[in-house]
Amino acid sequence: MNNIDNIQIVMVNTSHPGNIGAAARVMKNMYLHTLSLVDPVCYPHANATAMASGADDVLATANVYADLPSALHASHLVIATSARNRRLSIPCLTPQACAKKLYTEAQNGTVSLLFGRERTGLTNEELGYCHYLVEIPANPAYRSLNIASAIQIMSYEIMQVYLQAQDMAEQVKRENKEVLASGEDIERFYQHLEQVLIKIQFLYPERSPQLIRRLRRLFNRIHLEQNEVNILRGILTAIEKQ
Ligand code: SAH
């Protein structure tokens, strides 16, 4: 499950080409590749390429649209970023909740995260296309981040959700591959362990009734696999032979 490319970063009417390049760079750093530019003021431009550094592929594949509706044509979820969560009755999300929603919905198709103009942000009309608003918490006396910095922070949050999902998928794959020991086999191992510990005079059940319980707790904590139980049983048998 890797539909992170369904997450589209949309920069609306960006003035400085350097900001577009910087955005491409931070996106690629965070595993994002889908960039759309709506009516960029100055693009393509050498400053965009220079600021993109090793992320020119993100620039090369960026879509350029004349207007916002064209950029959003395939999106079933649109979230706007804003330095002021002001006006309008659009529900507001934290950056973390926004990242989770985008990643989850990206499994079903294209989703968009919008960034506004450097000086004036997004217009009310543009916000009208959005289902949610997200504000990155910042100093109330100076909330407005550079657009590429805002993209960096949001991309980082999306990456966290993405990596967590990858990690969980890996874990499930691993767990499916390794056969955990059955309760019955583990019970037989505990009995075998107890017998051997008594035989080698390590355990005196009447003197230390806690010990076996403690050992059970220890082994239960690590979820023994079938072949690990076999190894432990083999060790116990070898001890008995001595
Ligand atoms: N005065 C403008 C600031 C524009 S900054 C405004 O109020 O929106 C350029 C863009 O960067 C913004 O449109 C937004 O997309 C993003 N941005 C800047 N600071 C942000 C913040 N604290 N939270 C969310 N997005 C922010």
Side-chain angles (χ1 to χ4, degrees), residues 6-43 45 47-48 51-52 55 58-59 62-72 75 77-103 105-106 110-162:
N6 281 345
I7 302 176
Q8 167 179 244
I9 299 293
V10 183
M11 296 176 80
V12 179
N13 199 206
T14 311
S15 298
H16 299 290
N19 278 338
I20 297 175
R25 181 177 183 166
V26 299
M27 281 172 60
K28 188 170 175 180
N29 285 146
M30 306 286 123
Y31 296 87
L32 292 169
H33 294 99
T34 312
L35 176 62
S36 287
L37 308 171
V38 173
D39 190 23
V41 174
C42 222
Y43 184 83
H45 193 279
N47 288 351
M51 290 298 281
V58 176
L59 279 190
N63 301 301
V64 181
Y65 295 98
D67 51 49
L68 187 58
S70 312
L72 302 179
S75 294
L77 172 70
V78 182
I79 302 184
T81 56
S82 171
R84 304 166 271 154
N85 75 33
R86 55 189 177 181
R87 56 195 182 183
L88 298 171
S89 49
I90 309 178
C92 200
L93 299 171
T94 62
Q96 291 85 354
C98 167
K100 211 165 178 181
K101 200 171 266 302
L102 284 171
Y103 188 77
E105 287 301 324
T110 307
V111 296
S112 294
L113 184 60
L114 264 54
F115 292 84
R117 295 159 189 82
E118 286 96 330
R119 285 172 55 92
T120 53
L122 295 161
T123 63
N124 281 345
E125 193 193 334
E126 287 159 351
L127 288 170
Y129 292 99
C130 303
H131 302 103
Y132 296 94
L133 209 58
V134 55
E135 183 190 356
I136 300 163
N139 177 356
Y142 191 49
R143 289 180 205 273
S144 177
L145 276 69
N146 164 267
I147 185 169
S149 306
I151 293 176
Q152 165 83 85
I153 290 172
M154 292 310 303
S155 303
Y156 175 79
E157 294 295 348
I158 294 167
M159 181 189 72
Q160 295 293 345
V161 180
Y162 165 65

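When a ligand or atom number is given, it counts from 1 through the structure's own listing order.
- For Met51, the CE atom sits in a loose shell: 12 or fewer heavy atoms of surrounding residues, nucleotides or ligands are nearer than 6.0 Å.
- Not a single heavy atom of Asn146 sits less than 4.0 Å from an atom of ligand 1.
- Side-chain polar atoms of Tyr156 and Gln152 form no donor-acceptor pair below 3.5 angstrom.
- Those atoms of ligand 1 with a heavy atom of Val134 less than 4.0 angstrom away are 24 (C).
- The closest non-hydrogen atom to atom 23 (N) of ligand 1, taken over Leu114, Ile136, Val12, comes from Ile136.
- At under 3.5 Å, not a single nitrogen or oxygen of Ser144, backbone or side chain, sits near a nitrogen or oxygen of ligand 1.
- For Phe115, no nitrogen or oxygen atom sits less than 3.5 Å from a nitrogen or oxygen atom of ligand 1, counting backbone and side chain alike.
- Checked against a 3.5 angstrom limit, the closest N/O atoms of Glu135 and ligand 1 fall outside it.
- An N or O contact shorter than 3.5 Å is missing between Ile147 and ligand 1 by distance.
- Side-chain contact between Asn63 and Leu37 is absent, with no heavy atoms from C-beta onward closer than 4.5 Å.
- Judged by distance alone, the side chains of Thr110 and Gln8 never bring a donor and an acceptor atom under 3.5 Å apart.
- Each of the following atoms of ligand 1 lies closer than 4.0 Å to a heavy atom of Arg143: 19 (N), 21 (C), 22 (N).
- Of the N or O atoms in Thr120, none lie within a sub-3.5 Å distance of an N or O in ligand 1.
- Taking a 4.0 Å cut-off on heavy atoms, Met154 fails to register as neighbouring ligand 1.
- Ion pairing between Arg117 and Glu126 holds under the 4.0 Å rule for side-chain N and carboxylate O.
- Comment: Glu157 does not engage Lys100 in a salt bridge, judged by the lack of any side-chain N to carboxylate O separation of less than 4.0 angstrom.
- In the displayed structure, Tyr43 atom OH is contacted under 6.0 Å by more than 12 heavy atoms of other residues, nucleotides or ligands.
- Listed by atom number, the atoms of ligand 1 under 4.0 Å from Ala150 heavy atoms are 16 (C), 17 (N), 26 (C).
- Using a 4.0 Å cut-off to heavy atoms of Arg119, the atoms of ligand 1 that qualify are 1 (N), 2 (C).
- The side-chain heavy atoms of Tyr162 and Ile7, taken from C-beta on, include no pair separated by under 4.5 Å.
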